[in-house]
Amino acid sequence: MSETLSNLAREERRFEPPADLAANANVKEEAYDRAASDNEAFWAEAAERLDWGQKWDQVLDWSNPPFAKWFVGATINAAVNCVDRHVEAGRGDKVALHWVGEPADDARDITYADLKGEVCRAANALTDLGVRKGDRVAIYMPMIPEVVVAMLACARLGAPHTVVFGGFSADALASRVIDCGAKVIITADGGYRRGAPSALKPAVDEAVSKVAADGGEGLVEKVLVVRRTGQDVSWNDSRDVWWHDVVDSASAEHEAEMHDSEHPLYVMYTSGTTGKPKGILHTTGGYLTGTSYTHWAVFDLKAETDVFWCTADVGWVTGHSYMVYGPLANGATQVMYEGTPDSPHKGRWWEIIAKYGVTIFYTAPTAIRTFMKWGDNFPADHDLSSIRLLGSVGESINPEAYIWYRENIGAGKAPIVDTWWQTETGQMMISPLPGVTAGKPGSAMKALPGISVDVVNDEAESVGNGNGGYLVIRQPWPAMLRTLWGDDQRFIDTYWSRWEGLYFAGDGAKLDDDGDIWLLGRVDDVMNVSGHRLSTTEIESALVSHPKVAEAAVVGAADEMTGQAVCAFVILRDTAGDGGADIVEELRKHVQKEIGAIAKPRQIMIVPELPKTRSGKIMRRLLKDVAEHREVGDVTTLADSTVMDMIKTKEGSSAASEE
Ligand code: PRX
């Protein structure tokens, strides 16, 4: 990075909203006061932007915290809001998705009328396959239009979906299918990534066998398979069904039932502090209200003219809230891209922006840092003048990346909305409003209207400006998670038991002298790798499930590209000897098989001991010092203070295992 850029970023910078955007903004400053004076009236007004079957008797029922009910007594259908109503309003010819496949020239424009037809067909086909309201459907697909169709078809039927990221392993898919009891899996033969077809169906076959072996015999009744790449797949005639055989021939007419506002919409699994992923449950009315309102407010969406592109994979919550439900409920035109940013060349994203005239672009800091590394010439080679607003999500955007993004993608003038939220919050919670709030590089600024966040100390007291502490949320919000699938107690324990009546987000934060919020990262054992959450314990469990491993400790170490990187310290079993020459690679592959490629440790150190306190607790803080190549901190509480010397000696000799 150039020196001037670093200097620029280090200065206290502040970018005021552009005058034209401020003058025409969807949401003005008064929204904060209006929401503060009557929160429920504010969200009721946001809910009026949707089409309801029956309206609510009560906006919020918070009589049994932490179990919230929003829009009590109302009925709604998410799919009708995302497709039918736009067609009925005469906008059927409007493009919903400019879908771009990874292979060159592989693209499809899908209008809202097309989408309606496909969703209805898929809903009919799923019904024929035995899917009924309340049944769970797992979706394990590449970024192709059928994944959006599949999600909306499930929503239409009231069959909660659980989308499992296509990069997750068969084991991860199996455990999610078992946890939520999915009776159908929708998948594809494969998808295109990094210039080649990659397979999905074999992982589904393996997952279904694993589900059966783990006590779920007969659970998965059908596997619905989209043909995307044409690669060979093994086939089970009694279970597997081709999408084109049953969906293409189904009727494009489907009468949608209105579901209760609190009917489950989906379950999304995310890593927690313990080994087992948590099934975050989102319901219908409040979720759609929260996501559609924030998409409209934070991106200042003008549905008639904007072209929106959120680069997240649909396997993460960002893809759910800001590629599927929020934007489609708002009738937006979007870009959806199947592949990686460097296929077939490093300017692919900028080429897509230029081709479709993308006006609002939403991506993650890790991607921005990658582009910075690749060089300014790639965006400079394309016409990005259509861009008027930029967004960031997944981790704090470091000031250097913020400035680079603004200068190189936003022509030095597009505002950046740094949006803080979580799988659990469902919707954005902290972000500038582009026509109202100034942007400071590195700060997500303040809570959106209708959202009440605070930074508190151990005693739950507000820390006040100029101080740091824990980020909490004081009041329920429409898209909040309702519980963890099948585990109310864990829901209470994880989020609501640290302090009475406060939602604990798991993040540290600081308020600056203006009261603006700076996120400081997780305060628990959750890592953030490329904007994705990974649990240290989950990876430790994966490592110790390998027959050569006796003990493992995992830490997230600072990484210039990915924010944090997985670093593991492993003690081998005596019977494993030195583990063999390829032990590090063998263990990395094992983690990939157990969880998925994103969890693969960047570095594995084989060590003779782990630093433990006298009570046997691993002192991760010291391991983090080693992983981040720092002077090791205070070792006085270690049971054996010589352990760190042994580990440091090992570190010198294991640098080769780092990629
Ligand atoms: O630590 C925060 C970080 O990502 C966590 C939520 O991860 P996940 O549920 O996977 O959702 C990611 C996409 C919404 C948070 O607890 N995080 C997310 N956005 C930001 C962030 N940290 C700082 N700034 C952000 N804008």
Side-chain angles (χ1 to χ4, degrees), residues 163 165 167-168 266-273 277-282 287 290-291 294-295 298 310-323 325-326 362-369 390-399 401-402 405 416-432 437 439-448 451 453 455 468 470-473 479-481 484 494-495 503-510 516-536 538 556 562-564 596 598-599:
V163 181
F165 173 54
F168 276 136
Y266 69 83
V267 181
M268 168 108 260
Y269 286 85
T270 187
S271 296
T273 50
K278 303 176 291 196
I280 308 292
L281 174 68
H282 284 295
Y287 175 80
T291 53
T294 48
H295 179 258
V298 172
C310 163
T311 65
D313 191 282
V314 73
W316 308 101
V317 75
T318 309
H320 282 52
S321 297
Y322 298 107
M323 194 190 79
Y325 291 108
Y362 191 34
T363 195
T366 184
I368 298 166
R369 289 191 297 267
L390 297 169
S392 173
V393 63
E395 60 175 301
S396 293
I397 174 164
N398 45 309
Y402 185 109
Y405 194 30
I416 295 175
V417 287
D418 175 2
T419 63
W420 179 91
W421 58 293
Q422 309 178 294
T423 307
E424 290 86 343
T425 68
Q427 64 180 82
M428 297 165 180
M429 304 295 278
I430 306 173
S431 167
T437 328
K440 294 180 190 171
S443 169
M445 302 305 285
K446 56 188 204 164
L448 288 168
I451 300 297
V453 306
V455 180
Y470 306 103
L471 186 75
V472 295
I473 305 172
M480 68 193 278
L481 77 166
L484 297 180
T494 310
Y495 305 103
Y503 171 89
F504 173 49
D507 280 35
K510 184 184 85 185
D516 293 322
I517 302 166
W518 297 69
L519 279 312
L520 302 175
R522 303 287 306 188
V523 295
D524 51 16
D525 290 335
V526 173
M527 293 171 288
N528 187 329
V529 178
S530 298
H532 299 313
R533 260 158 80 166
L534 292 170
S535 134
T536 53
E538 200 182 345
T562 57
Q564 284 189 312
I598 47 160

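Below, all heavy atoms of this structure are taken into account, side chains as well, without hydrogens, waters or symmetry copies. Fair warning: this is a prediction, and the values are worked out from it, not measured in the lab. Start at 1 and go down the list; that is how both ligands and their atoms are numbered.
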Ligand 1: which protein N/O atoms lie under 3.5 Å from its N/O atoms?
unit_1	atom_1	unit_2	atom_2	d
ligand 1	1 (O)	Asp507	OD1	3.1
ligand 1	1 (O)	Asp507	OD2	2.8
ligand 1	4 (O)	Gly394	O	3.4
ligand 1	9 (O)	Thr423	N	2.7
ligand 1	9 (O)	Thr423	OG1	2.6
ligand 1	9 (O)	Arg533	NH1	2.9
ligand 1	16 (O)	Gln422	NE2	2.9
ligand 1	16 (O)	Asp507	OD1	2.7
ligand 1	16 (O)	Asp507	OD2	3.4
ligand 1	16 (O)	Arg522	NH1	2.9
ligand 1	17 (N)	Gly394	O	3.2
ligand 1	19 (N)	Gly394	N	3.1
ligand 1	24 (N)	Glu395	O	3.4
ligand 1	24 (N)	Ser396	N	3.3
ligand 1	26 (N)	Asp418	OD1	2.8
ligand 1	26 (N)	Thr419	O	2.8

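Applying the salt bridge (Lys or Arg N to Asp or Glu O under 4.0 Å) test between Glu395 and each of Arg522, Arg369, Arg533 identifies Arg369 as the sole match.
Ring-centre distance between Tyr495 and Tyr503: below the 6.0 Å cut-off.
Residues Ser443 and Ile517 share a closest heavy-atom pair of OG-O, 2.7 Å. Between Ser321 and Tyr266, the shortest heavy-atom distance links the atoms OG-OH, 4.1 Å. The two atoms that bring Cys310 and Thr318 nearest to each other are SG-CG2, 3.8 Å, heavy atoms only.
Contacts of Phe168 classified as side-chain contact (heavy atoms from CB on, under 4.5 Å), with partners at least two apart in sequence or in another chain: Val164, Phe165, Ala172, Arg176, Trp316, Ile595, Ile598.
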